[in-house]
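Below, read A as the first sequence line, B as the second, and so on, with proteins coming before strands; counting in each chain starts at 1.
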2 protein chains.
Amino acid sequence: MSHTLGVRQVQKQKTRRALLDAALALLEEQSLSSLGLREVTRAVGVAPTAFYRHFRSTADLGVALVEEALDSLHPMIRTTLSPAEDSDERITRAVDLIAGHVAANPAHVRFIARERHGGVQPVREAIRDQLARFAEEVKAELAEDPASAGWNDDDLLMLAGLYVDQMLMTACLFLETQEAPEEERRRVAEVATRRMRLISIGRRHWLD
Amino acid sequence: MSHTLGVRQVQKQKTRRALLDAALALLEEQSLSSLGLREVTRAVGVAPTAFYRHFRSTADLGVALVEEALDSLHPMIRTTLSPAEDSDERITRAVDLIAGHVAANPAHVRFIARERHGGVQPVREAIRDQLARFAEEVKAELAEDPASAGWNDDDLLMLAGLYVDQMLMTACLFLETQEAPEEERRRVAEVATRRMRLISIGRRHWLD
DNA sequence: AATTCCAGAGAACAGTTGTTAACTGCATGG
DNA sequence: CCATGCAGTTAACAACTGTTCTCTGGAATT
């Protein structure tokens with residue numbers, strides 16, 4: 001079925017990966033709209049023109065990065081929301097999961113946060129669409145929770161969006177305190193947890 | 001007292017304003033880290049070297065824009081939170097105020113949203129500091145509300161931060177639907193209102 | 001009235017950028 | 001085994017960048 005692709009395709013994919021990785025690294029301290037094509041190829045060690053074999057432009061590369069960065073988040077969403085024992089425990093587990101993901105993929109998170117409102121339209125749209133997919137996913141998960149009995153679709157989507165945005169903001173906070181002492185990072189986790197808790201309380205009394 | 005500054009200083013301030021305005025306009029479709037000094041001076045119609053008479057670098061100009069953009073928001077915060085009759089009415093009024101501010105200063109709002117996580121460190125820090133001041137201000141306002149009886153300082157600041165972030169996110173949503181039909185903009189306002197309402201409900205039951 | 005000051009102009013600098021064209025070598029499919 | 005395809009190279013292009021130094025005209029100070 002899965003035709004083992006030849007030596008040729010393998011090499012191409014390898015350079016493509018190298019380009020994506022180099023770009024992601026360079027984007028740690030600048031934004032996509034200032035990322036030069038030559039800058040990327042220089043970092044990889046290939047000729048500038050080789051870039052065009054893989055991407056039409058740096059904006060194109062950016063869109064590819066969006067898919068990559070947010071696809072890795074979908075499994076996290078799943079495991080965060082699925083089992084529903086104690087509400088507070090679920091929240092602390094979610095915050096820990098976010099902290100772990102940020103620690104494991106800081107560049108991806110930074111990229112999304114930076115380019116969500118960045119200067120490159122196609123990339124903004126790609127991020128917006130992916131986040132909307134996220135919200136739909138969370139909404140579907142919420143709908144199965146018995147606590148959501150009586151909720152209409154609009155309100156469920158509103159709550160899902162609130163959760164998604166909250167997750168992203170929490171991730172950003174962890175990113176900013178990445179090199180800070182453990183103590184401060186714990187304080188951030190603490191505040192994020194309380195925010196989520198307040199939202200959950202609001203959720204519980206929504207139908208009053 | 002206020003020494004009327006001479007013709008000389010007046011002209012200098014005029015060019016400075018022109019530089020800031022031109023930069024802000026250019027930043028509508030790119031980010032600060034890709035904004036060139038020559039680009040700005042060309043738009044104003046002065047020699048590139050004139051730039052240095054006003055700013056050390058484009059990053060420096062960015063910091064000046066931050067002060068300008070966020071200072072104009074402080075009065076809004078005040079009028080939003082001060083009188084406290086009906087909770088729901090206060091929320092809809094706040095959302096309307098945000099919509100108005102975005103319609104009146106779209107470029108400023110876009111700039112803040114874009115550069116909050118952008119590629120220029122000094123600007124990120126300036127925005128972070130100003131937003132922290134905002135949160136403190138909101139916290140002080142909240143503390144006087146009788147509904148905040150029994151709240152400790154940490155929780156008050158947590159809630160204030162939540163409100164501030166929510167305001168900014170709402171502003172971003174209005175920005176994205178700026179050219180969209182009136183109907184969609186009303187839908188955004190509707191969802192934003194419900195979000196705020198849910199948070200307010202959580203606030204009311206926080207001490208249970 | 002003579003002097004100082006300084007916002008802005010002008011020219012030149014070494015480097016950088018995206019994009020084009022024609023090329024090379026090698027894995028691939030007939 | 002040979003011809004085709006195609007990832008990556010090389011060279012060149014016009015245009016652009018930030019920064020330096022020197023200069024100028026006119027307001028500000030004395």
Side-chain angles (χ1 to χ4, degrees), chain A residues 1-23 25-27 29-65 115 118-123, chain B residues 1-23 25-27 29-65 115 118-123:
Chain A
M1 196 152 196
S2 70
H3 185 261
T4 46
L5 51 182
V7 185
R8 205 128 179 247
Q9 299 285 330
V10 169
Q11 248 306 327
K12 179 165 184 181
Q13 293 306 315
K14 199 175 287 181
T15 11
R16 190 187 139 97
R17 264 256 59 82
L19 287 171
L20 287 167
D21 290 342
L26 289 166
L27 286 170
E29 15 199 314
Q30 67 182 304
S31 37
L32 186 61
S33 77
S34 69
L35 181 69
L37 152 173
R38 292 183 103 107
E39 210 176 340
V40 180
T41 57
R42 193 188 313 133
V44 173
V46 299
T49 47
F51 186 92
Y52 292 109
R53 299 282 177 200
H54 303 273
F55 308 101
R56 223 181 292 272
S57 63
T58 52
D60 207 30
L61 179 149
V63 173
L65 278 178
E115 301 304 328
V120 184
Q121 205 208 24
V123 171
Chain B
M1 201 161 194
S2 70
H3 186 259
T4 46
L5 50 183
V7 183
R8 196 105 208 259
Q9 299 286 329
V10 169
Q11 246 306 327
K12 179 166 185 181
Q13 292 306 314
K14 200 176 285 183
T15 343
R16 190 188 140 97
R17 263 257 56 84
L19 288 170
L20 286 167
D21 290 342
L26 289 165
L27 286 170
E29 15 198 314
Q30 67 183 305
S31 37
L32 186 62
S33 77
S34 69
L35 181 69
L37 152 173
R38 293 182 102 107
E39 210 175 341
V40 180
T41 56
R42 194 187 314 133
V44 173
V46 299
T49 47
F51 187 92
Y52 292 109
R53 299 281 178 198
H54 302 272
F55 307 101
R56 223 181 291 274
S57 64
T58 52
D60 207 29
L61 180 149
V63 173
L65 279 178
E115 301 304 329
V120 183
Q121 207 209 23
V123 172

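- Inter-residue side-chain proximity for B:K12 and B:H54 is flagged as met; some heavy-atom pair is nearer than 4.5 Å.
- In this structure, B:L19 places its CG atom 12 Å from C1' of C:dA7, rounding to the nearest Å.
- Within 4.0 Å (heavy atoms only), B:T15 reaches sugar-phosphate atoms of the nucleic acid but no base atom.
- Between the side chain of B:T49 and the base of D:dT20 there is no donor-acceptor pair of N/O atoms closer than 3.5 Å.
- Taking atom CZ of residue A:F51 and atom P of nucleotide D:dT10, one finds them 19 Å apart after rounding to whole Å.
- Taking atom CZ of residue A:R16 and atom C1' of nucleotide D:dC6, one finds them 17 Å apart after rounding to whole Å.
- Projected onto DNA chain D by closest heavy-atom contact, B:L37 and B:Q9 fall at different nucleotides, the more 5' of which corresponds to B:L37.
- Taking atom NZ on B:K12 and atom C1' on D:dG25, their separation rounds to 17 Å, with Å as the unit.
- When distances run from any side-chain atom of B:E39 to the nucleotides C:dA9, D:dG8, D:dT17, the shortest one goes to D:dT17.
- We find that NE2 of A:H54 is positioned 11 Å from C1' of D:dC6, with the value rounded to whole Å.
- Remark: A:L61 CG to A:R16 CZ distance equals 8.0 Å, nearest 0.5 Å.
- Rounded to whole angstrom, the span from the CZ atom of B:F55 across to the C1' atom of D:dT19 amounts to 18 Å.
- Taking the side chain of B:V46 as heavy atoms from C-beta on, and the options D:dG8, C:dA9, C:dT20, the nearest nucleotide is C:dA9.
- The distance from atom CD of B:Q13 to atom C1' of C:dA7 is 12 Å, rounded to the nearest whole Å.
- Mapped onto DNA chain C by nearest heavy atom, B:R38 and B:Q11 fall at different nucleotides, with B:Q11 at the one closer to the 5' end.
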Output the pairing pattern of DNA chain D as a dot-bracket string, 5' first, Watson-Crick or G-U wobble with both distances under 3.5 Å, | for cross-strand pairs, [ ] for crossing pairs. ||||||||||||.||||.|||||||||.||
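- One finds the CG atom of B:L27 at 10.5 Å from the CG atom of B:L20 (value rounded to the nearest 0.5 Å).
- A residue-by-residue look at B:S57 and B:R53 shows that B:S57 has its nearest nucleotide of DNA chain D further toward the 5' end.
- Counting heavy atoms from C-beta outward, A:F55 and A:V63 have side chains that stay 4.5 Å or more apart.
- B:R8 contributes a side-chain N or O that forms a donor-acceptor pair with the base of C:dC6 under 3.5 Å.
- In this structure, A:Y52 atom OH and C:dA22 atom P are separated by 17 Å, rounded to whole Å.
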Output side-chain donor-acceptor pairs under 3.5 Å for residues 32-46 of chain B, partner residues at least two apart or in another chain, one line each.
residue : atom : partner : partner atom : Å
B:S33   : OG   : A:S31   : N            : 3.3
B:S33   : OG   : A:S31   : OG           : 2.6
B:S33   : OG   : A:S34   : OG           : 2.9
B:S34   : OG   : A:S33   : OG           : 3.0
B:S34   : OG   : B:Q30   : OE1          : 3.0
B:S34   : OG   : B:S31   : O            : 2.9
B:E39   : OE1  : B:G36   : N            : 3.0
B:E39   : OE2  : B:Q30   : NE2          : 2.8
B:T41   : OG1  : B:L37   : O            : 3.4
B:T41   : OG1  : B:R38   : O            : 2.9

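- Two residues are said to be in side-chain contact when any heavy atoms from C-beta on lie closer than 4.5 Å; B:V123 and B:L65 fail this criterion.
- Note that the OG atom of A:S57 and the OH atom of A:Y52 stand 9.0 Å from one another [nearest 0.5 Å].
- Looking at heavy-atom distances under 4.0 Å, B:R42 makes contact with sugar-phosphate atoms alone, never a base.
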